[in-house]
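Just below is one structure, and these are the notes that go with it.
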Amino acid sequence: MADAAVLAGPSTQTLQWTKKDLLGLRELSAEEIRAILATAESFREISLRPIKKVPALRGRTVVNLFFEPSTRTRISFELAAKRLSADIINISASSSSLAKGETILDTIKNLEALKIDVVIIRHAASGVPHLLARHVSASVINAGDGAHEHPTQALLDLLTIQQKKGRLDGLRVSIIGDIAHSRVARSNIWGLMKLGAAVTVCGPPTLIPPHIEQLGVRATYDVKEAIREADVLMLLRIQHERQEAALVPSLREYRLRYGLDRERLKGAKPEVLIMHPGPINRGVEMDSSVADGPYSVILDQVTNGLAVRMAVLYLVAGTSKAEIPADE
Ligand code: CP
């Protein structure tokens with residue numbers, strides 16, 4: 001059933017999915033990103049059925065290995081694997097032999113000896129998923145590595161924008177907040193630009209990396225300007241856990257200068273979308289009136305996260321020979 005759904009595309013052209021891993025959006029083409037979004041779109045319907053399960057990954061084994069806290073990503077990967085009938089094992093670093101000094105590579109090699117098919121990994125150090133992918137034959141999916149990339153978050157963001165706005169090409173997206181420490185910002189910048197959106201990043205000077213314009217984005221410290229021009233506002237959390245020193249004087253100061261409240265939202269376009277990857281610091285980057293207001297699509301993002309993660313698991317683990325819809 002899932003195969004039929006996935007293979008049914010609007011185009012007669014097809015794209016052969018050949019990648020073993022999903023490590024970031026930087027290394028994907030626009031065509032590959034669109035193929036994942038099309039696959040995710042076809043998987044959304046499964047979660048609306050009374051019996052929310054298809055046999056697409058029956059017999060496959062998936063390991064969720066999280067070295068950092070997570071609610072949305074860990075749970076939606078677990079649910080995605082279950083909806084595709086895969087076996088899933090959750091491992092937390094603190095309760096495994098990693099806590100006794102075993103290296104990550106040794107841990108993964110031992111899991112591979114048990115014939116696992118996919119490892120989903122979140123780690124505080126940038127590049128860990130890439131290191132593992134080079135050394136193991138199982139597929140590796142990056143669930144967030146340091147301040148580097150969070151590809152499935154950006155994919156679910158792209159899917160949400162596409163659903164709500166009908167397109168990505170030509171849209172203006174302002175990403176506001178802690179750009180310097182954000183893997184969500186980095187993956188979204190790659191994905192949005194590849195699909196034709198224009199990206200502005202905005203935040204205090206201490207939280208915007210120097211020379212970020214070299215990626216092709218515009219940078220501004222003026223939040224009113226970033227709000228005024230945007231079709232989509234993507235708010236980010238201040239990531240204290242990744243800052244070596246306090247880079248904003250206080251959260252109160254940040255809220256006053258950059259927080260999105262009802263008053264500031266009056267300067268936005270009439271049909272603006274408000275997005276946030278979560279977890280939200282209510283009353284800091286946005287007020288509850290905005291987070292829970294009529295322009296917010298934050299919970300749609302979470303719903304789409306499940307479909308995107310089903311699509312990614314299916315593509316890397318399910319159908320090396322399958323053809324998937326591609327652009328005309
Ligand atoms: N957006 C996101 O990655 O959330 P979690 O940290 O809860 O997974």
Side-chain angles (χ1 to χ4, degrees), residues 22-26 36-37 40 62-83 88-94 118-129 140-161 163 173 175-192 201 203 232-243 260 273-282 284-286 290-292 296-313:
L22 178 72
L23 302 176
L25 293 201
R26 184 178 187 172
I36 297 173
L37 299 183
V62 177
V63 171
N64 242 348
L65 182 54
F66 277 64
F67 288 81
E68 284 187 330
S70 168
T71 299
R72 283 147 287 266
T73 313
R74 191 183 63 74
I75 291 171
S76 59
F77 264 121
E78 180 173 351
L79 205 49
K82 286 180 171 166
R83 297 233 162 131
I88 175 130
I89 299 164
N90 286 297
I91 303 178
S92 75
S94 60
V118 182
V119 182
I120 299 158
I121 180 155
R122 169 171 289 192
H123 201 283
S126 299
V128 166
V140 177
I141 298 175
N142 181 359
D145 63 324
H148 179 225
E149 281 228 36
H150 191 348
T152 55
Q153 177 67 47
L155 288 164
L156 72 88
D157 293 337
L158 296 174
L159 186 63
T160 306
I161 298 170
Q163 277 166 7
V173 180
I175 307 178
I176 302 174
D178 183 355
I179 310 297
H181 300 92
S182 177
R183 53 199 177 204
V184 175
R186 236 163 292 278
S187 286
N188 263 297
I189 287 170
W190 293 120
L192 286 163
V201 296
V232 178
L233 290 172
M234 199 175 279
L235 285 300
L236 300 177
R237 190 170 63 87
I238 302 291
Q239 307 211 20
H240 293 294
E241 71 275 21
R242 277 197 263 281
Q243 295 181 10
L260 191 57
L273 291 188
I274 309 285
M275 305 180 75
H276 194 301
I280 303 171
N281 286 323
R282 286 174 184 262
V284 182
E285 60 265 18
M286 65 170 73
V290 176
D292 306 325
S296 169
V297 292
I298 294 169
L299 294 178
D300 299 279
Q301 291 173 260
V302 178
T303 304
N304 282 330
L306 178 57
V308 157
R309 288 168 181 132
M310 287 171 79
V312 168
L313 281 171

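Numbering of residues begins at 1 and proceeds along the displayed sequence. What's counted below: heavy atoms across the whole structure, side chains too, no hydrogens, waters or symmetry copies. Fair warning: this is a prediction, and the values are worked out from it, not measured in the lab. Start at 1 and go down the list; that is how both ligands and their atoms are numbered.
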Would you kindly check if the NZ (Lys) or CZ (Arg) of Arg309 is within the cone defined by 45 degrees around the ring axis of Phe77 and under 6.0 Å from the six-membered ring centre? yes
Determine, stepwise, if the pair Arg237 / His276 fulfils side-chain hydrogen bond (donor to acceptor under 3.5 Å, both in side chains). CA-CA 8 Å; Arg237 190 170 63 87; His276 194 301; over 6 Å; no
Pairs under 3.5 Å, nitrogen or oxygen of ligand 1 with protein nitrogen or oxygen:
residue  : atom  : partner : partner atom : Å
ligand 1 : 1 (N) : Gln153  : OE1          : 3.0
ligand 1 : 1 (N) : Pro277  : O            : 2.8
ligand 1 : 1 (N) : Gly278  : O            : 3.2
ligand 1 : 3 (O) : Thr73   : OG1          : 3.0
ligand 1 : 3 (O) : Arg122  : NH2          : 2.9
ligand 1 : 3 (O) : His150  : NE2          : 2.9
ligand 1 : 4 (O) : Arg72   : NE           : 3.1
ligand 1 : 6 (O) : Arg122  : NH1          : 2.9
ligand 1 : 7 (O) : Thr71   : N            : 2.8
ligand 1 : 7 (O) : Arg72   : N            : 3.0
ligand 1 : 7 (O) : Arg72   : NE           : 3.2
ligand 1 : 7 (O) : Arg72   : NH2          : 3.0
ligand 1 : 8 (O) : Ser70   : OG           : 2.6
ligand 1 : 8 (O) : Thr73   : N            : 2.9
ligand 1 : 8 (O) : Thr73   : OG1          : 2.6
ligand 1 : 8 (O) : Arg122  : NH2          : 3.3

Between Asp300 and Gln163, is there a side-chain donor-acceptor contact under 3.5 Å, judged purely by atom types and distance? no
Please check: side-chain N/O of Arg122 versus main-chain N/O of Ala143, any donor-acceptor pairing under 3.5 Å? yes
Should we count CZ of Arg72 as having more than 12 external heavy atoms under 6.0 Å? yes
Can we say Asp145 and Arg186 salt-bridge, meaning some charged N sits less than 4.0 Å from an Asp/Glu carboxylate O? no
